[in-house]
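Please read all numbers here as calculations on a predicted model, not as lab measurements. Chain letters run A, B, ... following the sequence lines, proteins first, then strands; residues in each count from 1.
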Amino acid sequence: MGYATLGILTIVVQKLMDDFASIGTISPQLLVLFTVFLTLREGQMVGMEAGFVAGFFDDLLVTHFLGFTSFVAVIAAFVAGFFYKEGEVEIVARNLNYAWISAIALIVSGILVIPIVAAGELNYFYVFLKFTVGTTIYTSLLAMIVVFVIGRRRRYV
Amino acid sequence: MFKWLSEFFLFSRNYVVFAILLALSLFLISINDNPQVRGLQVVGLITTSYLESGVNAVVGYFELSSANKRLEEQNGRLIDLLARSRRSLNENRQLRSLLKLKQQGENRLTAADVIGRTLEGGRYLITLDAGSRLGVKVGDPVISGSGLVGNVMATSDNFSVVRTLLDNDSRISARLENASADGIVTAGEYGLLAMKNVPRRFEVKPGDVIETSTLSTVVPPGIIIGLVREATDVSGTIFKRIFVQPAVNYSSLSEVFVMDYRPPSEVSMLLSKAMKAR
């Protein structure tokens, strides 16, 4: 129930960030942050399934491009799943590891999604720079802020 | 066999689910142009429009003072422009009557505020606070003071969604004003537009104006799209590669006009007649 609320909140904030916090045409991928967080706490399988479902609703309400965020979120959860440690859930999910695991998940999903974004029209290098690198940097910075805000309160950082 | 399969699934469960979910996502991506899926997208667009409209109202309240000042400045400039336009209009009327030219019909404009943006996955859509109640229809061209913004993609009673020229799916028939060459303007790279299908024989220079073409059936001709930033010949093809600086600054776009444009019905009737004759 808590995760569902967090997921809905993520989608709403994502929509608002598209409107008010995008830099040029670069917007942070908050849903990937949510998926990575969930994967680090609950494991690869739950992360992938939840990422797909949350991605579907994000596509329906935010990107209006069905399948796109689901694709990115499933890959991000799959990648983040390799960093899941059953006994160290809190430590991994709440310290700086979360930021760099999110960055790795974003860069891998961002590279795999290049052909879809380029749509046979745009230069792949341009899409890599703008979409993959730009989005990864912006989203990872947000992840670091989240880590500092939550982690400091619990003295993990 | 079944035992082997179940063992294989248990061992590689995560990989199998990963493959299935990826395949499902790709399937969803592939059916985005399906009319039923389009309908679903429109429902999503309209749902989020209400959220955007509420947030925009709150943000707009705090920006009223600066918006007021900006509008006063704009008003001063517009009064000056209006005086000059009136003179030109009178002169134009006189010349047209002398030449016995048919007067061009005026298209009704509906003012609207931009209340939201969608910028992911090669999409560049904007949401407006004007919908079918104000006469906005799917396909209507949307303009700003600087030039063409895009076309209406979906409408509800109170909102509409516009596909801008920077959207990967946007295609607008355009003309180079100086060279009188027609082509297609699509989304380009690095925030620019790209003009395609312009033959190499035309001389195109940086700064040349690109406007909507008379060949277009979705937008009226003569609306500025942008200026040529760079034009090069592409080796191995007969066309030029033209980068276009959009006339509209999309990141600061806040007010637009929706144009009630209907292409001449005689032309579409003639076209359908010709298609039937084939």
Side-chain angles (χ1 to χ4, degrees), chain A residues 11-12 14-20 22-29 31 43-45 47-49 51-53 55-75 77-79 81-82 112-113 116-123 125-127 129-131 135, chain B residues 13-15 17-32 34 37-38 40-49 51-52 55-56 59 114-127 153-154 161 163 166 168-169 171 186-192 194 196 250-251:
Chain A
I11 292 172
V12 172
Q14 174 77 64
K15 182 71 208 164
L16 297 178
M17 289 202 88
D18 269 7
D19 289 345
F20 301 106
S22 57
I23 302 171
T25 54
I26 297 168
S27 188
Q29 291 259 17
L31 205 93
Q44 197 176 42
M45 183 65 91
M48 286 192 297
E49 288 165 354
F52 180 81
V53 175
F56 179 81
F57 284 106
D58 188 74
D59 288 330
L60 195 63
L61 299 167
V62 182
T63 68
H64 312 300
F65 185 16
L66 283 190
F68 179 76
T69 314
S70 300
F71 185 81
V72 172
V74 169
I75 294 170
F78 183 72
V79 173
F82 291 106
L112 291 175
V113 91
I116 298 168
V117 177
E121 296 263 348
L122 302 176
N123 181 305
F125 182 65
Y126 159 71
V127 176
L129 270 186
K130 193 192 102 175
F131 184 79
T135 309
Chain B
R13 200 175 50 150
N14 286 16
Y15 292 92
V17 172
F18 175 63
I20 292 170
L21 292 177
L22 274 195
L24 267 175
S25 305
L26 288 171
F27 171 71
L28 285 173
I29 289 171
S30 73
I31 57 165
N32 262 281
N34 187 308
V37 176
R38 286 259 175 208
L40 202 62
Q41 288 172 336
V42 171
V43 172
L45 282 166
I46 302 310
T47 310
T48 48
S49 297
L51 171 73
E52 286 172 327
V55 174
N56 205 52
V59 174
V114 177
I115 59 164
R117 288 180 170 79
T118 301
L119 309 166
E120 283 166 60
R123 297 259 150 157
Y124 203 124
L125 312 175
I126 56 171
T127 311
M153 182 187 161
V161 176
R163 173 178 285 135
L166 291 178
N168 278 2
D169 287 344
R171 304 278 182 281
T186 64
E189 293 151 8
Y190 307 102
L192 300 177
K196 295 174 179 174
Y250 287 92
S251 54

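Note: B/T118 leads B/I126, B/I115, B/T118, B/I31 in heavy-atom pairs under 4.5 Å with chain A. Of the listed residues (A/A77, A/G55, A/G43, A/S70), the one with the most heavy-atom contacts under 4.5 Å to chain B is A/S70.
Neither the backbone nor the side chain of A/F57 has a heavy atom closer than 4.5 Å to any heavy atom of chain B. The part of B/L125 that comes within reach of chain A is its side chain, from C-beta onward, which places non-hydrogen atoms under 4.5 angstrom from that chain. Contact annotation for A/I75: both backbone and side-chain heavy atoms come within less than 4.5 Å of a heavy atom of chain B. Contact of A/F52 with chain B is made through the side chain alone, with heavy-atom distances under 4.5 Å. With a 4.5 angstrom heavy-atom cutoff, B/Y124 touches chain A only via side-chain atoms.
Residues A/A73 and A/G51 come closest through the heavy atom pair CB-O, 3.5 Å. The two residues A/L66 and A/L60 come nearest to each other via the heavy atoms CD2-N, 4.0 Å.
The shortest side-chain heavy-atom distance between A/V12 and A/L61 does not fall under the 4.5 Å cut-off.
Between B/D169 and B/R123 a salt bridge is recorded (basic side-chain N to carboxylate O distance below 4.0 Å).
A distance-only check finds a donor-acceptor pair linking the side chain of A/Q14 to the backbone of A/P28 [under 3.5 Å]. Proximity of a side-chain donor or acceptor of A/D59 to a complementary backbone N or O of A/G67 within less than 3.5 Å is detected.
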